[in-house]
Amino acid sequence: MASGTPDDPWQLTTAPGSSSYTMHRDDSVDPPELICVVGSTTLRYQARAIEDLHAWLKEQDGWVPLGAADEKKVAADGSVEAWGRSQENPVGGWYGLRKGYRGRFGMYLPPLLETLGLVELTHDARNNSVRAI
């Protein structure tokens with residue numbers, strides 16, 4: 001498995017398998033970030049999202065819809081995407097750090113957690129879900 005550094009990023013695929021992307025961790029900034037590169041687009045999320053999302057999924061005790069949505073779209077209630085934006089999550093709002101590109105948390109974080117062995121993820125054409133291991 002990749003080490004998740006800029007020189008050895010995680011090679012990931014969205015849950016439906018329709019897009020490939022990379023992620024790596026940058027601990028040199030405060031707060032530490034996950035850098036997600038999808039084609040020519042770079043998204044940034046707080047790195048603590050890995051542990052926080054896993055803990056929340058364990059509390060849900062079952063399958064949770066991903067609900068991926070762009071920043072400007074409303075996220076479906078009860079979804080990973082909605083939790084990643086909620087004032088009730090541990091950071092009190094968005095895990096996304098790049099204004100205009102803070103969304104898609106539900107698309108790009110769950111495959112990373114699957115690669116790290118923290119969750120199970122469905123891989124259907126649409127409406128995928130995730131649950132903690």
Side-chain angles (χ1 to χ4, degrees):
M1 178 169 56
S3 61
T5 63
D7 295 330
D8 188 24
W10 293 294
Q11 303 291 324
L12 304 165
T13 305
T14 56
S18 55
S19 297
S20 296
Y21 62 101
T22 64
M23 283 186 113
H24 69 271
R25 194 176 167 109
D26 183 356
D27 290 322
S28 69
V29 295
D30 187 25
E33 297 179 359
L34 292 171
I35 313 300
C36 178
V37 179
V38 184
S40 62
T41 303
T42 300
L43 300 100
R44 297 174 182 275
Y45 300 98
Q46 292 186 44
R48 69 176 287 173
I50 295 169
E51 292 81 15
D52 291 353
L53 177 56
H54 184 240
W56 179 75
L57 288 168
K58 286 171 82 172
E59 291 173 5
Q60 303 315 297
D61 194 33
W63 291 98
V64 176
L66 301 186
D70 290 330
E71 178 177 349
K72 294 177 183 172
K73 294 182 181 175
V74 176
D77 287 339
S79 68
V80 170
E81 185 73 36
W83 178 85
R85 307 171 178 203
S86 172
Q87 294 297 314
E88 306 303 315
N89 70 33
V91 298
W94 295 89
Y95 277 88
L97 296 170
R98 185 174 173 207
K99 183 80 169 151
Y101 294 90
R102 297 182 297 181
R104 298 289 177 169
F105 183 86
M107 178 171 290
Y108 298 121
L109 266 292
L112 174 60
L113 271 64
E114 180 182 45
T115 295
L116 297 173
L118 301 172
V119 301
E120 290 180 86
L121 184 60
T122 61
H123 295 280
D124 299 318
R126 56 180 47 194
N127 300 322
N128 285 289
S129 297
V130 62
R131 70 176 171 185
I133 295 176

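L53 places a side-chain heavy atom less than 4.5 Å from the side chain of F105. Between N89 and D52 there is no side-chain heavy-atom pair separated by less than 4.5 Å. Using a 4.5 Å heavy-atom threshold, the side chains of P31 and R48 count as separate. Side-chain atoms of L113 and V130, non-hydrogen and from C-beta on, never get closer than 4.5 Å to each other.
Contact detail for A15 and H123: the closest heavy-atom pair is O-ND1, 2.8 Å. Closest of all the heavy-atom pairs between Y45 and L97 is C-CD1, 3.8 Å. Taking each heavy atom of G100 and E71 in turn, the nearest pair found is N-OE1, 2.7 Å. Here the shortest heavy-atom pairing between L121 and S129 reads CD1-O, 3.4 Å. The heavy-atom pair separating V80 from G106 by the smallest distance is CG1-CA, 3.9 Å. Across all their heavy atoms, T115 and W10 have their closest contact at CG2-CD1, 4.4 Å.
V29 is not connected to M23 by any chain of hydrophobic side-chain contacts under 4.5 Å among Ile, Leu, Val, Met, Phe, Trp and Tyr, and they are in different clusters. I133 and L116 end up in different hydrophobic clusters when Ile, Leu, Val, Met, Phe, Trp and Tyr side chains are linked at under 4.5 Å. Linking Ile, Leu, Val, Met, Phe, Trp and Tyr whenever their side-chain heavy atoms come within less than 4.5 Å leaves W94 and V38 in two separate clusters. Clustering ILVMFWY residues whenever any of their side-chain heavy atoms sit less than 4.5 angstrom apart, transitively, puts M1 in the very cluster that holds V119. Under a hydrophobic-cluster definition in which Ile, Leu, Val, Met, Phe, Trp and Tyr are linked whenever side-chain heavy atoms come within less than 4.5 Å, directly or via other members, W63 and M107 are assigned to different clusters.
Applying the salt bridge (charged side-chain N to carboxylate O under 4.0 Å, His left out) rule to pairs touching residues 121-133 yields E120-R131, sequence neighbours excluded. For the salt bridge (charged side-chain N to carboxylate O under 4.0 Å, His left out) condition, the pairs that include at least one residue of residues 22-39, sequence neighbours left out, are R25-D27, E33-R44. Listed by first and then second residue, the salt bridge (charged side-chain N to carboxylate O under 4.0 Å, His left out) pairs involving residues 80-97 are E81-R85 (not counting sequence neighbours). Here salt bridge (charged side-chain N to carboxylate O under 4.0 Å, His left out) pairs that include residues 57-70, with residues two or more places apart or in two chains, are D70-R104.
Using a distance-only test at 3.5 Å, with no hydrogens or angles considered, no donor-acceptor pair links the side chain of S19 to the main chain of T14. Panel note: side chain D8, backbone T5; no donor-acceptor pair is recorded below 3.5 Å.
Distance CD1/I50 to CG/L112: 5.0 Å, rounded to 0.5 Å.
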Is there a side chain to side chain contact (heavy atoms under 4.5 Å, CB included) between L109 and Y95 once you walk through the steps?
-> CA-CA 10 Å; L109 266 292; Y95 277 88; over 6 Å; no
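For the ring-ring contact (aromatic ring centres under 6.0 Å, His included) test, residues two or more places apart in sequence or in another chain that qualify with Y108 are Y21.
Side-chain heavy-atom separations under 4.5 angstrom define the hydrophobic clusters, and the remaining members of the one that includes V37 are I35.
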